[in-house]
Amino acid sequence: MAIRTVDFRSDTVTKPTESMREAMANAEVDDDVLGYDPTAQRLEAKMARTVKNNEDGTMDLDLIEAAIRDSSFEILSPTTRLICLENSHSRSGGRCLSVEYTDKVGDLAKKYGLKLHIDGARIFNASVALGVPVHRLVRAADSVSESSYTLSKKSLSRKIYDMVSNVNCKGVGMSILRESAQACLSKGLGAPAGSVIVGSKSFIARAKILRKTLGGGMRQIGVLCAAASVALQENLVKLEGDHRNAKILTEELNKIRGLKVDIATVETNIEALGGMTEENGDTQHLMSIYTTS
């Protein structure tokens with residue numbers, strides 16, 4: 001019987017599907033730095049209609065408040081300007097931050113005149129798992145992004161449209177924010193590269209200048225945009241199945257002696273392995289077992 005290898009390291013190691021490769025090969029392209037790539041324009045229009053922690057990924061509100069620095073009192077320390085949250089929280093095993101928690105952090109940020117930023121690398125996964133539209137999950141935020149990379153790393157950040165309304169996918173959607181939003185199209189959605197950043201016209205103007213300053217412009221970007229469009233059309237609806245498969249995998253992993261994964265913490269597509277013993281060997285040995293079984 002043939003053995004199929006499955007790579008469980010991360011959802012960042014996904015490979016383009018055949019339909020993505022076909023779309024990339026047939027993509028209509030032009031110079032996107034000059035604003036003429038038609039495939040990039042179609043993706044932008046589509047997106048415009050469509051973005052120390054506790055074990056559950058949260059941070060205690062009183063600890064956040066205690067960590068806020070005021071320059072008028074602490075002249076030797078940086079002044080706090082920003083609070084950052086990640087949803088879902090990767091280091092906590094893909095745990096999801098609730099609307100109620102995020103709103104409370106948003107209220108705390110307003111109290112001290114701070115900005116709230118949400119790292120939405122897997123915000124679509126959190127939306128599906130919680131059954132809450134993306135735009136509601138990020139309502140309290142001033143900005144949302146795929147990660148802390150500079151714009152020069154955002155392969156699909158060509159124009160940064162002042163949007164967003166809705167995309168229909170069992171309640172998944174993103175809508176207009178006060179400042180900006182960004183949705184990752186690789187990772188769980190499976191596109192080979194890219195995120196899309198959106199915001200107000202003034203934000204777009206600033207971001208375009210920053211992107212150019214950082215050398216982030218790409219020319220025939222439609223090749224990547226074509227694959228991203230396929231990811232939106234075909235893979236958003238698969239996220240719920242990914243979450244079910246993660247729980248099934250957890251149940252099977254827990255049958256391995258010396259290995260323990262708390263199934264109650266598996267809310268999306270990430271699992272945190274624990275309880276490894278000398279009998280099982282090191283992490284690389286375990287990965288070898290899982291990817292060949």
Side-chain angles (χ1 to χ4, degrees), residues 2-25 27 43 51 57 86-96 119-129 145-150 152-157 169 172 182-196 218 221 223-253 256 259 261 265-274 276 280-293:
I3 296 177
R4 178 188 176 192
T5 298
V6 181
D7 193 335
F8 291 133
R9 286 175 297 165
S10 172
D11 56 9
T12 60
V13 298
T14 52
K15 305 297 190 297
T17 63
E18 288 303 314
S19 55
M20 287 182 186
R21 294 179 186 275
E22 182 179 355
M24 294 169 74
L43 175 62
V51 305
E86 181 188 25
N87 199 10
S88 65
H89 195 269
S90 59
R91 290 300 180 93
S92 298
R95 302 293 294 274
C96 302
D119 180 339
R122 296 173 177 87
I123 194 69
F124 289 114
N125 291 92
S127 174
V128 170
S145 73
E146 182 271 344
S147 67
S148 58
Y149 299 140
T150 62
S152 62
K153 298 290 288 185
K154 303 300 182 184
S155 301
L156 294 180
S157 296
C169 176
V172 176
Q182 195 159 357
C184 184
L185 303 178
S186 57
K187 297 189 174 69
L189 290 183
S195 296
V196 175
M218 298 183 68
I221 194 64
V223 173
L224 291 178
C225 292
S229 293
V230 173
L232 288 171
Q233 293 165 4
E234 299 182 359
N235 293 347
L236 266 176
V237 296
K238 298 178 182 178
L239 294 183
E240 189 174 355
D242 287 346
H243 300 170
R244 287 196 301 269
N245 289 337
K247 288 187 179 294
I248 294 173
L249 176 62
T250 300
E251 294 171 351
E252 296 302 312
L253 290 177
I256 300 176
L259 184 63
V261 181
T265 67
V266 180
E267 298 178 354
T268 53
N269 65 334
I270 299 178
E271 302 187 33
L273 301 181
M276 289 180 284
N280 283 328
D282 59 20
T283 302
Q284 289 301 318
H285 175 65
L286 287 171
M287 291 299 294
S288 176
I289 293 174
Y290 302 152
T291 56
T292 57
S293 47

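Small disclaimer: the values here were computed from a predicted structure and weren't measured.
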statement: Between Ala126 and Cys96 the two heavy atoms that sit nearest each other are CA-SG, 3.8 Å
- prompt: Under a 4.5 Å cut-off applied to non-hydrogen side-chain atoms, are Met20 and Asn235 in contact?
  reply: yes
message: Any heavy-atom pair between the side chains of Thr265 and Ser92 that's under 4.5 Å?
response: no
Nearest-0.5 Å distance that lies between atom CG in Leu232 and atom CZ in Phe124: 6.5 Å
statement: Taking every heavy atom of Asn87 against every heavy atom of Arg95, the minimum-distance pair comes out as OD1-O, 4.3 Å
- request: Ignoring hydrogens and angles, tell me if any N or O in the side chain of Thr250 forms a donor-acceptor pair with the backbone of Val261 under 3.5 Å.
  value: no
field: Verdict with supporting geometry, Ser19 and Glu234, side-chain hydrogen bond (donor to acceptor under 3.5 Å, both in side chains)
entry: CA-CA 9 Å; Ser19 55; Glu234 299 182 359; 3.0 Å; yes
message: Checking the side chain of Ser127 only, and the main-chain atoms of Ile123 only, is there a donor and an acceptor separated by less than 3.5 Å?
response: no
query: If you look at every heavy atom in Val266 and Ile270, which pair is closest and at what distance?
result: CG1-O, 4.1 Å
message: On a heavy-atom basis, which atom in Glu267 and which in Gly94 lie closest, and how many Å separate them?
response: CB-O, 4.1 Å
task: Could you walk me through whether Thr268 and Arg122 pass side chain to side chain contact (heavy atoms under 4.5 Å, CB included), step by step?
output: CA-CA 9 Å; Thr268 53; Arg122 296 173 177 87; 6.0 Å; no
query: Would Asn125 and Lys187 count as a side chain to side chain contact (heavy atoms under 4.5 Å, CB included) if you check the C-alpha gap in whole Å, the side-chain angles of each, and the deciding distance to 0.1 Å?
result: CA-CA 10 Å; Asn125 291 92; Lys187 297 189 174 69; over 6 Å; no
- request: Could you tell me which non-hydrogen atom of Leu185 sits nearest to which non-hydrogen atom of Ala191, and how far apart they are?
  value: O-CB, 2.9 Å
- request: Test Arg9 against every option in Asp11, Thr12, Asp7 by the side-chain hydrogen bond (donor to acceptor under 3.5 Å, both in side chains) rule and name the one that passes.
  value: Asp7
query: At their closest point, which heavy atom of Leu189 faces which heavy atom of Cys184, and how far apart are they?
result: CD1-O, 3.8 Å
message: Applying side chain to side chain contact (heavy atoms under 4.5 Å, CB included) to Leu253 and Ile256, what does each step give before you reach the verdict?
response: CA-CA 6 Å; Leu253 290 177; Ile256 300 176; 4.2 Å; yes
- line: Value for NZ (Lys247) from CG (Asp242), rounded to nearest 0.5 Å, stands at 13.5 Å
